[in-house]
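Contents: one structure, followed by commentary.
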Amino acid sequence: MVDDVWTTDSSATLLLVGSGFQAYREWILRSVSRRFRLWLLSSSPADWATPYLAGQTFVDALDVDAAIAAVRTLRETRPLAGILCYDELRIVAGATIAEALGLPTTSARSVLACRDKRLSRQLMTEAGDLGPQSIGVTDLAGAQRAAERIGYPVVLKPRALAGSEGVAKVDGPGQLVERFAFTKAAHFDDVPRFDEDVLVEEYLDGPEIAIDSVVWKGEVRPVFVSHKQFDLAPTFEETGHVISAEDPLLRDRELTELVRAAHSALGFDHGVTHTEVRLTRHGPRIVEVNGRLGGDLIPYVGLLATGIDLALAAADLAARRMPDLRPRRARTAAVRFYYPARDLVVERVRVDPAGLPPHISEVRPLAGQGDTLLRPPGAFVFGRAAAGFAVADDQDTCRRALDGLADTIEIAGHPVPEKQPI
Ligand SMILES: Nc1ncnc2c1ncn2[C@@H]1O[C@H](COP(=O)(O)OP(=O)(O)OP(=O)(O)O)[C@@H](O)[C@H]1O
Ligand SMILES: [Mg+2]
């Protein structure tokens, strides 16, 4: 283990567990590093995050015992105010390290209850069917039995992945064999294989929203409601999100009670969360509670809409400081992701700045020359070529602006080479 030190200033340091992908996470570090010194815990070089860091300890948080030992050593020379982690695969490790060192955190058990979708469902079912029926299975025969019991359509999903990898809707028995194989095959190197690693679930029909909340002393305060866009069925790849500062759902009693009940069932009492909900004919139902800042740049869209900086709030909570949640503006903001029309190896992703439609605030390439982009289900977030942002007074204006932006983004490339037989 090697320590790199880039500055000797030791005022209020937060340990950052994993830094993630630049296009999605740099805004967080830009914001948080203005208030806190950040010290990265990661086994890979800091790379793009370097300008925001005071230093780095080279150890992977997933090696929890080694990480705790390393952080104890670090603390001998550098006081730590807390631990910040937004990497879904490392949030349980982050909370475990915080608990071991007596730093502010919700319990590691409650973070695991968010992270392990089977445990989540058990707790939320016991608390009064807050989410769909869900049955853990190991093989196709188990999936067939579970789907018959629940009734089609069902959703198949991996027990503990992220980014909608391997999640699929199954409309009837004829699709089950192929879709089960798809879900079962989904795997991340950093996630251990569970037994009962596939969940078969009742399909919650209805629009999907997410509620970003701040949880302080056990009290859940919803801050943003985002509305998700899906255009790539049968996958659940999320192609965009829109947030209005004054969304009436923020004050909807049934919805806010559901979100509170879910946090209480999971035991999550401190930190920032991202709760996904489907608005069904029978009322709102929980898809899942993410025990961290939301992904897909959703809190950044919330910042554009309201001026409330949830990244800074997450950092403040990590240091047990009361976050500032006062809105600074009341707009509507949206992000949209753009995909190539077919699978390709990128030659260029280019936008003509002079041709941007009104209300577009920013466009970011998410892929560059030589990257292979596969349309879902070949890839999910890694199939995206660009992200566009709009800020306006209402959702329709944002949507129209982002529809228009599609025509000004050039995604050029050549066909993906066929795999050679070995
Ligand atoms: N039981 C269900 N009924 C209807 N839709 C579902 C159900 N479970 C999951 N989905 C859909 O699939 C999406 C991805 O599922 P889920 O959030 O559980 O997986 P994930 O891999 O954590 O995804 P992400 O990281 O994108 O949130 C959900 O946002 C939702 O649209
Ligand atoms: Mg999810």
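Indexing begins at 1, ligand by ligand and atom by atom, following the structure's order. The first residue in the sequence is number 1, and the count goes up from there. As a basis for the values below, the full set of heavy atoms in this structure was taken, side chains included, without hydrogen atoms, waters or symmetry mates.
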Please report whether the ring centroid of Tyr300 lies less than 6.0 Å from that of Tyr24.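 Ring centroids of Tyr24 and Tyr300 are no less than 6.0 Å from each other.
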
[atom] - nearest protein heavy atom and its distance:
atom                    : value
atom 3 (N) of ligand 1  : Leu204 N, 2.9 Å
atom 6 (C) of ligand 1  : Val155 CG2, 4.1 Å
atom 30 (C) of ligand 1 : Glu208 OE1, 2.9 Å
atom 17 (O) of ligand 1 : Glu288 OE2, 2.7 Å
atom 14 (C) of ligand 1 : Ser164 OG, 3.4 Å
atom 10 (N) of ligand 1 : Val287 CG1, 4.2 Å
atom 25 (O) of ligand 1 : Gly163 N, 2.7 Å
atom 27 (O) of ligand 1 : Glu276 OE2, 3.0 Å

Check Phe236 against ligand 1 and report side chain, backbone, both or neither, counting heavy atoms closer than 4.0 Å.
->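 The part of Phe236 near ligand 1 is the side chain, not the backbone.
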
* Asked: If we only count N/O pairs under 3.5 Å, is Glu201 in contact with ligand 1?
  ->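 Checking ligand 1 against Glu201, an N or O pair does fall under 3.5 Å apart.
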
Cut-off 3.5 Å, side chains only: do Tyr52 and Glu26 have a donor facing an acceptor?
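The answer is yes; a qualifying pair exists.
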
Using distance alone, with no hydrogens and no angle criterion, decide if Thr275 and Glu288 have a side-chain donor and acceptor under 3.5 Å apart.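 Result is no, nothing qualifies.
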
Under a 4.5 Å cut-off applied to non-hydrogen side-chain atoms, are Leu373 and Tyr339 in contact?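 Answer no - side chains too far apart.
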
TODO: Answer whether the closest heavy-atom distance between the side chains of Ile243 and Thr332 falls below 4.5 Å.
DONE: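 In short, these two side chains do not touch, never coming nearer than 4.5 Å.
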
Atoms of ligand 1 close to [X] [distance to a heavy atom under 4.0 angstrom, numbered from 1]:
X      : result
Arg278 : 5 (N), 30 (C), 31 (O)
Tyr203 : 3 (N), 4 (C)
Glu202 : 1 (N), 2 (C), 3 (N)
Glu238 : 26 (O), 29 (O)

| Residue-ligand contact Phe230/ligand 1, heavy atom below 4.0 Å |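 Yes, Phe230 has heavy atoms under 4.0 Å from ligand 1.
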
Taking the six-membered ring for Trp, are [X] and [Y] parallel (under 30°), tilted (30 to 60°) or perpendicular (over 60°)?
X      : Y      : value
His263 : Phe268 : perpendicular
Phe382 : Phe21  : perpendicular
Phe337 : His241 : perpendicular

Option passing salt bridge (charged side-chain N to carboxylate O under 4.0 Å, His left out) with Asp296 (candidates Arg384, Arg336, Lys228):
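Of Arg384, Arg336, Lys228, salt bridge (charged side-chain N to carboxylate O under 4.0 Å, His left out) with Asp296 is met by Arg384 alone.
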
So between Glu165, Lys117, Lys157, whose heavy atom ends up nearest atom 20 (P) of ligand 1?
->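 Of the listed residues, Lys117 has the closest heavy atom.
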
Of all N/O/S atoms in Glu288, which lies nearest to the Mg ion (ligand 2)?
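Atom name returned: OE2.
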
Practice prompt. Name whichever N, O or S atom of Glu276 ends up nearest to the Mg ion (ligand 2).
Written response: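 Checking each N, O and S atom of Glu276, the shortest distance to the Mg ion (ligand 2) belongs to OE1.
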
(Q) So, applying side chain to side chain contact (heavy atoms under 4.5 Å, CB included) with Leu15, which one of Leu74, Leu38, Leu40 is it? (A)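 Among the candidates, only Leu74 passes.
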
TODO: Please say whether the positively charged group of Lys169, taken as NZ for Lys or CZ for Arg, lies over the ring of Tyr203, i.e. under 6.0 angstrom from the six-membered ring centre and within 45 degrees of the axis.
DONE: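 Yes, Lys169 and Tyr203 form such a contact.
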
